[in-house]
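Predicted, not measured: the structure shown is a model, and the values here were computed from it. Numbering of ligands and ligand atoms starts at 1, following listing order.
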Amino acid sequence: MTSKHIDHAVPLIRAVVIHPDGRSDSPRLAEERLEEAVGLARALDLDVRAEEIVRVRKVAPATLFGSGKVDELAALVRAAEAEAVVVDDQLTPVQQRNLEKAWDAKVIDRTGLILEIFGRRARTKEGRLQVELARLDYERSRLVRTWTHLERQRGGTGSTGGPGETQIELDRRLIADRIVKLKAELEEVRRTRGLHRKARQKVPFPTVALVGYTNAGKSTLFNRLTGSEVFAKDLLFATLDTTQRTIRLPQGRPAIVADTVGFISDLPHELVESFRATLEEVGEADLILHVRDIASPDSDAQARDVEAVLEQIPAVEGRTRRVLEVWNKIDLLEGEAREAVLGQAERLRVQGKAVAVSAWTGEGVETLRETIAALIDDDPETELTLDPSQGEALAWLYENGRVTARETDEAGRTHVKVRLHPAALGRFERMFGQGSSRVR
Ligand SMILES: Nc1nc2c(ncn2[C@@H]2O[C@H](COP(=O)(O)OP(=O)(O)OP(=O)(O)O)[C@@H](O)[C@H]2O)c(=O)[nH]1
């Protein structure tokens, strides 16, 4: 690597981002994919000096790009004085090494980039463990392939076991040991979380899970809804772990909102595996809010990617999955485009399918709350009569259900109509059964 010039307060690493086009069957435009890759690189604090789409017709096993292209790109890397090159695709370890040599710069592939970003954004212990495990998995596969490659270079001498081989064997064993340890730690963290989840299920609040393509605005909306300060920046993947908070819906009914992982196209398989637990929690939610950046030209392709991930999440038996789309960032739309989006959203809103908002300005957020409340409010209505002494029971009902009517008769008894989750009703009867009677 060349020497670094300190010309920023924080010296940034100068980089070139290259998107190899023609290798994926994604419906997304190459320009959009390049833009996303540049966004990811910036999220890693790289100073992106040049970006380019390179059409790959035929993959060169040793370097991915043909040799003429490799030379051409070397000139670009030199001109940009780049210390790092992001290749927005999967590279084999051999390709990575050969390109590093040819360009005299560090080369990072897409998986490496995403792992690095997830690693920096991890907020909870579980998140950190998940990423670390995914990273080791990635490294292990690299070592294996590197080793095979070395062996081939030596002409297949096999069992002589040169120093290089021993070192790699050792590295592999260290990685394997570390993986075993991490898995055990992760298991422990998950067990604890499982207990928390059970405890939460006893509190019969409906749960709402926020999902969405990375940068759609989940954290910002989460803050809007819960009034809390969750790390939200103009960076991709600000969210990594599920963060949960209670919100009050109109009429005071509580719900738990969970902010979850940001989705991305072509998520490395190592990560898909490690986020399975988080995704399962999404599957258990009473309502899924699919947050979309409706102002992005890439909005539809992003939505398809998210839907594809959601389809893979196993459904909870006996429950239909409800998804409400939140069309975010409407403040970025103007004129006819804005009118068209708002009109379409309004038609979908009456069907309980979409609400247009700006998490940034707060526009539409009240309507969103009402729509959420209406969608999760399918608890049966119960009529209860409370004795005059049961003020505490009444307070409990306000706290845990939605009181729709209340009347006091001449004898001082209170007649209440309340929408309550069946489990909450069970609890109410155990706690306050004597002195109250159920009408229906
Ligand atoms: N103009 C505008 N910007 C928004 C809005 N909502 C979010 N943003 C911006 O979009 C960027 C991403 O927002 P986040 O809330 O971090 O997005 P996220 O979906 O949680 O992102 P990940 O954690 O990467 O999955 C930030 O710069 C926000 O300020 C909005 O309604 N309008």
Exercise. Is it true that D47 and R14 make a salt bridge, defined as a side-chain N closer than 4.0 Å to a carboxylate O?
Worked result: no
Problem set entry | Cationic N near anionic O, under 4.0 Å, E139 to R135 | yes
For this session: Between N328 and ligand 1, find which residue part has any heavy-atom pair under 4.0 Å and reply side chain, backbone, both or neither.
Result: side chain
For this session: Examine L221 against ligand 1 and note whether any of their N/O atoms are separated by less than 3.5 Å.
Result: no
Exercise. Can you find a heavy atom in the side chain of L136 that is under 4.5 Å from one in the side chain of R178?
Worked result: yes
For this session: May I ask you to decide whether K353 forms a salt bridge with E346, counting only side-chain N to carboxylate O separations under 4.0 Å?
Result: no
Exercise. Does G212 come within less than 4.0 angstrom of ligand 1, counting non-hydrogen atoms of the residue?
Worked result: no
Problem set entry | Over all atoms of both residues, closest heavy-atom pair of D331 and S358 | OD1-OG, 2.9 Å
Exercise. For A216, is at least one N or O under 3.5 Å away from an N or O on ligand 1?
Worked result: yes
For this session: Between L332 and ligand 1, find which residue part has any heavy-atom pair under 4.0 Å and reply side chain, backbone, both or neither.
Result: side chain
